[in-house]
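Let me begin by presenting the structure, written as structure tokens, before commenting on it.
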Amino acid sequence: MTAVAWAPQIGMATALAETADQSSEWPGLGRRSPGAIRLILVPDDARYRRFTRGRAPAWGAGIAVPSARTILLRSDVGDLQRTLRHELAHVVLHDAIRSRVPLWFDEGYAAWAAGEWDRLAALALNLTVVRGAVPELSGLDRELRGSAADAGPAYALATSAVARLAERNPTRTIAPLLDRLARGEDFDAAVAATTGLTIGQFSDDWVGTVRRRYGFITWAAAGGIWGVVATLVLAFAGVRRRADEPRRAALDVGWTIPAEPDALAEDEASPELDPGHLQ
């Protein structure tokens, strides 16, 4: 494991390299080590763009080039450990299989392996379904390469598609599919053999499953509706506050605040307490 970094990030890069050098469990692949890797840690967006030559999305926190056994990470954004795990998953997957796979499967597997499926991802997916913006698998690759706004839900969708591939197999795992891909079997043929569906049928099955699981009711139950309510309440309060400013200013006109009475005078006017009445 080779770590490359600028001086202020040397310690951070070394710790990440030590983490990457350990073998760990990968979905459907068992326990594996990523092998020899060159890990480059850059401090900011400018150097990230310089190394990737503008070919990586500007919103990205890292990139893996399995053929070059190189991982590039930005130290100034995201959860570095999780981003590293995501990029390592790309390397491990491409080491294990011999077949070409679509981008949605590559990214969905990496996100799944990195544990990136959380409540926020579920809410993003719910909102996508509510908006009626669930694409076919054939259109998912395009959204993964799109803007940050499109890519967030697209990664959640890709992860759900990979999870659905596992659900459709009698073993409820993705191992049989990866075994076939490791033997060099065509991706579409491997999907048909392990799910019983052609890739087109699987796409329809997945879209239907996503819409059933992540409709408006699920989104609301997951807390999305309260976020909308809170946003509306805050927006209304801001509008009301601005509308009331002239009225509040008018109320201040003509008011005279009397001076506070002299504290000493008050003390002299106060009757003395009889100690005998105190208990």
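Quick caveat, the model's predicted, so the values are computed rather than measured.
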- prompt: Would Leu41 and Leu16 satisfy side chain to side chain contact (heavy atoms under 4.5 Å, CB included), going step by step from the backbone distance to the final call?
  reply: CA-CA 9 Å; Leu41 187 65; Leu16 290 170; 4.2 Å; yes
- prompt: Under the side chain to side chain contact (heavy atoms under 4.5 Å, CB included) criterion, do Leu84 and Leu39 qualify, and how do the steps go?
  reply: CA-CA 9 Å; Leu84 174 62; Leu39 175 64; 4.2 Å; yes
message: My understanding is that only residues two or more places apart in sequence, or in another chain, count here; which of them pass salt bridge (Lys or Arg N to Asp or Glu O under 4.0 Å) with Arg49?
response: Asp45
- prompt: Can you list every pair that meets side-chain hydrogen bond (donor to acceptor under 3.5 Å, both in side chains) and has a residue in residues 51-73, with sequence neighbours left out?
  reply: Arg38-Thr70, Arg69-Asp95
message: Please verify the inter-ring angle class for His94 with His90; under 30° counts as parallel, over 60° as perpendicular, anything in between as tilted.
response: tilted
- prompt: Looking only at heavy atoms, which two atoms of Leu88 and Trp26 are closest? And how far apart?
  reply: CB-CH2, 3.8 Å
- prompt: When you measure from the side chain of Thr83 to the backbone N and O of Leu80, does any donor-acceptor pair fall under 3.5 Å?
  reply: no
task: Can you see which heavy atom on Ile63 is nearest to which on Ala56, and at what distance?
output: CD1-CB, 3.9 Å
task: Measure from the side-chain N and O atoms of Arg74 to the backbone N and O of Gly62, and report whether any donor-acceptor pair falls under 3.5 Å.
output: no
task: Following the transitive rule for hydrophobic clusters with a side-chain heavy-atom cut-off under 4.5 Å over Ile, Leu, Val, Met, Phe, Trp and Tyr, establish whether Val162 and Phe187 coincide in one cluster.
output: yes
Within-4.5 Å side-chain heavy-atom neighbours: Phe105 and Leu93: yes
query: With distance as the sole test, does Ser99 use its side chain to make a donor-acceptor pair with the main-chain N or O of Glu185 at under 3.5 Å?
result: yes
query: What pairs with Asp44 under salt bridge (Lys or Arg N to Asp or Glu O under 4.0 Å), at least two apart in sequence or on another chain?
result: Arg47
message: Can a donor-acceptor pair be found, under 3.5 Å and without considering hydrogens, that links the side chain of Thr159 to the backbone of Ala111?
response: no
message: Between Leu73 and Val42, is there shared hydrophobic-cluster membership here, with clusters defined by ILVMFWY side-chain heavy atoms closer than 4.5 Å?
response: no
- request: Kindly say whether Leu29 contributes a backbone atom to a donor-acceptor pair with the side chain of Arg32 at under 3.5 angstrom?
  value: yes
query: Judged by atom type as modelled, is there a donor-acceptor pair below 3.5 Å linking the side chain of Glu87 to the main-chain atoms of Ala64?
result: yes
task: Please report the C-alpha distance between Met12 and Ser75 in whole Å, then the side-chain angles of each, then the deciding distance to 0.1 Å, and finally whether the side chain to side chain contact (heavy atoms under 4.5 Å, CB included) criterion is met.
output: CA-CA 8 Å; Met12 189 185 302; Ser75 65; 3.9 Å; yes
- request: Taking the side chain as every heavy atom from C-beta outward, state whether Leu165 and Val191 have any pair of such atoms under 4.5 Å apart.
  value: yes
field: ring pair (Phe, Tyr, Trp, His ring centres under 6.0 Å) partners for Phe202, two or more places apart
entry: none
task: Heavy atoms only: give me the nearest Val77-Ala61 pair and the separation to one decimal.
output: CG2-CB, 3.7 Å
query: Which residue pairs pass the side-chain hydrogen bond (donor to acceptor under 3.5 Å, both in side chains) test when at least one of the two sits in residues 1-20, sequence neighbours left out?
result: none
message: List the residues meeting side-chain hydrogen bond (donor to acceptor under 3.5 Å, both in side chains) with Asp141, not counting sequence neighbours, and say none if there are none.
response: none
- request: Check whether any side-chain heavy atom of Thr194 sits under 4.5 Å from a side-chain heavy atom of Arg168, and report yes or no.
  value: no
message: Give me the atom names and distance for the closest heavy-atom approach of Ile10 to Ala5.
response: CD1-O, 3.7 Å
query: So, do Leu103 and Arg145 sit near enough that their side-chain heavy atoms are less than 4.5 Å apart?
result: yes
